Amino acid sequence: MPRYFFNVHDGLGIVDDDGVECVDLEAALRAAVHYAGSLLKESGHRLTLGDTWSLEVIEEATSSAFRIDLQIRPSLASTASEPSRSAA
């Protein structure tokens with residue numbers, strides 16, 4: 001089973017030395033989204049406007065990778081005279 005490493009790039013950085021075995025890339029993607037959500041829930045309070053955050057996932061054998069990127073920036077709506085709200 002392939003081993004995937006989940007490295008965080010946020011100014012402090014978390015390097016995954018152990019990795020996680022996942023059946024395939026799809027499973028690694030699901031694990032990465034879950035892990036990213038957990039990390040942001042725990043330490044997202046440190047992020048401020050203009051910050052970037054990313055989770056890079058690297059497959060051990062092939063070194064293929066993907067990233068989940070987060071950039072915090074003002075929206076165009078925040079520059080309008082009245083705040084715009086959308087139902088989410």
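Computed from a predicted model, the values in this text were never measured in an experiment. Every heavy atom of this structure was used, including side-chain atoms; hydrogens, water molecules and symmetry mates were not.
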If two hydrophobic side chains count as joined below 4.5 Å and joins carry through other members, does [X] share a cluster with [Y]?
X     : Y     : result
Val57 : Phe5  : no
Leu40 : Leu49 : yes
Ile58 : Leu55 : no

For the atom pair [atom1] ([X]) and [atom2] ([Y]), what is the distance rounded to the nearest 0.5 Å?
X     : Y     : atom1 : atom2 : answer
Ile72 : Thr48 : CD1   : OG1   : 7.0 Å
Leu70 : Asp51 : CG    : CG    : 9.0 Å
Trp53 : Ser43 : CH2   : OG    : 8.0 Å
Thr62 : Glu59 : OG1   : CD    : 3.5 Å

Step-by-step side chain to side chain contact (heavy atoms under 4.5 Å, CB included) determination, Glu60 to Tyr4: CA-CA 6 Å; Glu60 181 176 44; Tyr4 294 85; over 6 Å; no
With the side chain counted from C-beta on, respond yes when Ile68 and Val33 share a heavy-atom pair under 4.5 Å apart, and no when they do not.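 The answer is yes; the side chains approach within 4.5 Å.
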Heavy-atom check, side chain of Val20 versus side chain of Cys22, under 4.5 Å: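 Yes. Closest side-chain heavy atoms under 4.5 Å.
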Only distances under 3.5 Å count here; give the side-chain donor-acceptor pairs of residues 6-14 to other protein atoms, sequence neighbours excluded, each with its distance to 0.1 Å.
from	atom 1	to	atom 2	distance (Å)
Asn7	OD1	Asp16	N	2.8
His9	NE2	Glu56	OE1	3.2
Asp10	OD1	Leu12	N	2.9
Asp10	OD1	Gly13	N	2.6
Asp10	OD2	Arg46	NH2	3.1

So which heavy atom on Gly19 is nearest to which on Arg3, and how close? O-NH1, 3.2 Å
